[in-house]
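Numbered from 1 within each chain, the chains take letters A, B, ... in sequence-line order.
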2 protein chains.
Amino acid sequence: MPPTLKDVAERAGVSRAAVSRTFTDGASVSLKMRRKVEKAATELGYSPNALASSLTTGRTKLIGLVSNNFHNPIFLEVFDLFTRGLQDRGLRPLLVNLSDETDPAHSIRMLRQYSVDGVVVASSTLPPGFAKAFRDAGVPVVNSFGRYASSPEVHVVGIDNVECGRMAARELVRRGYHNVAFLGGPETATSTQDRLRGFLEETGLSPDISVRYTFADAYSFNAGRAEMLRRLDDTPAEAYFCGDDVLSIGALSAITGSGLSVPGDIGLIGLNDMEMAGWENINLTTIRQPISQIIDSSIELIVSMLANPDRYPEARLFPCRVIERGTLKPVV
Amino acid sequence: MPPTLKDVAERAGVSRAAVSRTFTDGASVSLKMRRKVEKAATELGYSPNALASSLTTGRTKLIGLVSNNFHNPIFLEVFDLFTRGLQDRGLRPLLVNLSDETDPAHSIRMLRQYSVDGVVVASSTLPPGFAKAFRDAGVPVVNSFGRYASSPEVHVVGIDNVECGRMAARELVRRGYHNVAFLGGPETATSTQDRLRGFLEETGLSPDISVRYTFADAYSFNAGRAEMLRRLDDTPAEAYFCGDDVLSIGALSAITGSGLSVPGDIGLIGLNDMEMAGWENINLTTIRQPISQIIDSSIELIVSMLANPDRYPEARLFPCRVIERGTLKPVV
DNA sequence: AGATATTTTGCAACCGGTTGCAAAACTGAA
DNA sequence: TTCAGTTTTGCAACCGGTTGCAAAATATCT
């Protein structure tokens, strides 16, 4: 139904190649020719079929954006930044929701069928081999928010979760808490594992600190709330490092809902610094993860892989810092 | 790089057509042939190129999912439901972020270049002609969360915003508020306009009710908070119907941040019933919009348009209802 | 003006599939 | 076995573009 190259060529009285050339930049066309073709094209309302051209050029400008975190508000920020960043570079995000998908092979096949130029896996809760499977299939991939590895198998852009665990521990110790705990995300998530490791490592340095840890089922409000309610049944710790902000907010809700106060009775520190953490009625002390840099860097990396697909896998880590708000007692 | 039809055909020692047929269902292939081809295909790791086939079939199974609401947490739920619903039907969402885009023509051109089979415009804050522009361009389109019109120009799936305005007004009156106000979203959004209209209409029926209204700049926490802070400088109303939940939460934050209490000093009712509204530390009384039905219905509609693109435009409206929580004073 | 260098253009093959059509291979019945 | 009817297969053209190559056109220089 929409006009094709041929239609334009006929109307302008030139060859199809000529029309093609006026629409691919860097091609050799005289001014006269360009004028003629453009006239015919606008008269017909022609615009080239990106998919057809992808057949010969081998480039679709499609980027798979795959994630399984559709219940964590921070991912709205993530999608916003990714989609805009990709669009700004003329790339199109093909969104893949892995929430109820177990088999990576399925998504890989699908993304290959659509000849995506690259894939961004934005998740820390997918199985570790997931991103690698794309690489093995020859698809350029970067794993945003993934696990740092000294000899990475795929490009990873994110933060040093172990260091974040240490940072949280230091902050709690500094404020004079002695009985602390980690309320993590899902135990299988690499981010949870790493944050726990750092937390234990650092608290282990002070002999007078007692530490516990448990895991929530997901990085979600309800999971955080449910897990904190279970902790409250028992003797809770003085302060919790929660796996991320949304878990913290769930925990916060459980605590205040039980008639206790934060930070009066229990202290909380989160991770991410999502927009909501700064809302006055939440006002969460948290560790800020620079998601905008992470995403910019991820996009830059995937773009560079379009030119050079075999670029050697690299890990890019961005520093985090504590954002002090109102959920920890003041430093003594 | 990935194997093609031709590779499979050669290895299996059959024609390319035969291979094509084994991968398109409904085509005539003998069992023997199918076996041979499938063997060669799996050995080579072949899977058909969806884009190449789209050239001849005219179907890409790509659906443009366009929105400009990337700061309203409810849209994470929206994206989750849309992406899963589309995936379940073998369709792929091509996400378009219109946040800083003014010219619909640009997105339309882009989506046509990618030959999307259809477009879902998920927004109530885009200019009214936006969705129609797709239709005019011959692209099947449904406008989810759009404005109801008695003779619609495009398919619209959503709620009756005017009725929601009335519903909010009735609820406030029923609870004995006399001095009420509407704190709307952006004035240009059709949803804002319609909710206001219903609200004024219904409050106008009771002569002893005084009404005011103002608008926030966006459907976002910060906009709601800022606008409510301005109201608090003056003499605030007894209760506010806020344009949506995220505005309500912003307003709530402004109120409690100013040392006033909800619902003690000021009552609030929102709209949407996003997940967060039910969080214990927010506990917002609100009007529930059935987004899951809206999205299911939108997808069903776009799917039916794939078969019959000229289906006569239709408006589908789903009923809303008040969800009572803790931000309005109890009925007297 | 003529000769040469450079740019512009069209031809035709190709990208990875699909599909109408007719030939080939089967099937069942006589 | 033969023959008509049905199913399966391959040929070749096509979908909407791109691109190497050589011919045509234009520019540059004596």
Side-chain angles (χ1 to χ4, degrees), chain A residues 1-41 44-62 109-117 138, chain B residues 1-41 44-62 109-117 138:
Chain A
M1 208 62 189
T4 73
L5 193 82
K6 190 159 143 256
D7 300 327
V8 178
E10 278 167 6
R11 171 174 265 256
V14 301
S15 74
R16 292 159 58 223
V19 180
S20 174
R21 288 192 181 101
T22 50
F23 284 95
T24 51
D25 36 28
S28 155
V29 231
S30 69
L31 193 64
K32 215 180 307 173
M33 170 67 81
R34 152 154 286 132
R35 288 256 167 70
K36 249 195 304 188
V37 171
E38 276 171 352
K39 181 156 174 290
L44 259 41
Y46 168 79
S47 72
N49 182 327
L51 268 25
S53 67
S54 84
L55 255 195
T56 39
T57 60
R59 289 235 163 303
T60 55
K61 301 196 166 191
L62 252 25
R109 189 163 350 104
M110 184 243 116
L111 286 166
R112 285 230 302 179
Q113 289 183 333
Y114 281 84
S115 316
V116 295
D117 289 347
Chain B
M1 207 63 190
T4 74
L5 193 80
K6 188 157 144 257
D7 299 328
V8 178
E10 279 167 7
R11 170 174 265 256
V14 301
S15 74
R16 293 159 58 223
V19 180
S20 173
R21 288 192 180 101
T22 51
F23 285 94
T24 51
D25 35 27
S28 154
V29 229
S30 69
L31 194 63
K32 214 179 308 172
M33 169 67 79
R34 152 153 288 132
R35 288 254 167 70
K36 248 194 306 186
V37 171
E38 277 172 351
K39 181 157 174 291
L44 260 42
Y46 169 80
S47 73
N49 182 326
L51 269 23
S53 67
S54 84
L55 255 195
T56 39
T57 62
R59 290 237 163 301
T60 55
K61 301 195 166 192
L62 252 26
R109 190 164 349 104
M110 183 244 118
L111 286 167
R112 286 231 302 179
Q113 289 184 333
Y114 281 83
S115 317
V116 294
D117 289 346

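Contact footprint of chain B on DNA chain C: nucleotides with an atom under 4.0 Å from a non-hydrogen protein atom, first to last in 5' to 3' order, C:dG16 to C:dC21.
Applying the side chain to side chain donor-acceptor pair (under 3.5 Å) rule to A:Ser54 yields no partners; only residues at least two apart in sequence or on another chain are considered. By the side chain to side chain contact (heavy atoms under 4.5 Å, CB included) test, B:Thr56 pairs with no residue at all, sequence neighbours left out. B:Arg112 pairs by the salt bridge (Lys or Arg N to Asp or Glu O under 4.0 Å) definition with nothing, not counting sequence neighbours. By the side chain to side chain donor-acceptor pair (under 3.5 Å) test, A:Ser53 pairs with no residue at all, sequence neighbours left out. Judged as a salt bridge (Lys or Arg N to Asp or Glu O under 4.0 Å), and not counting sequence neighbours, the contacts of B:Glu38 are B:Arg34. Remark: A:Lys39 pairs with A:Glu43 by the salt bridge (Lys or Arg N to Asp or Glu O under 4.0 Å) rule, at least two apart or across chains.
At least one donor-acceptor pair under 3.5 Å links the side chain of B:Thr60 to the backbone N or O of B:Ser115.
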I'd like a table of atom pairs between the protein and nucleotides 23-26 of chain D - only N or O on both sides, under 3.5 Å - with the distance next to each one.
none

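Between A:Asn49 and A:Thr4 the shortest side-chain heavy-atom distance does not fall below 4.5 Å.
Applying a 4.0 Å cut-off to non-hydrogen atoms, the residues of residues 5-16 of chain A that approach DNA chain D are A:Leu5, A:Arg16, listed by residue number. For DNA chain C, the neighbouring residues in residues 48-62 of chain A, judged by any heavy atom under 4.0 Å, are A:Leu55, A:Thr56.
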Quick one: side chains of residues 19-29 of chain B, donor-acceptor pairs under 3.5 Å with protein atoms, not counting sequence neighbours, listed by atom name and distance.
{"from": "B:Thr22", "atom 1": "OG1", "to": "B:Val19", "atom 2": "O", "distance (Å)": "2.7"}
{"from": "B:Thr24", "atom 1": "OG1", "to": "B:Ser20", "atom 2": "O", "distance (Å)": "3.3"}
{"from": "B:Thr24", "atom 1": "OG1", "to": "B:Arg21", "atom 2": "O", "distance (Å)": "3.4"}

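In this structure, the helix from C:dA1-D:dT30 to C:dA30-D:dT1 shows an angle of 30° between the axis at its start and the axis at its end, each fitted on 5 base pairs and rounded to 10°.
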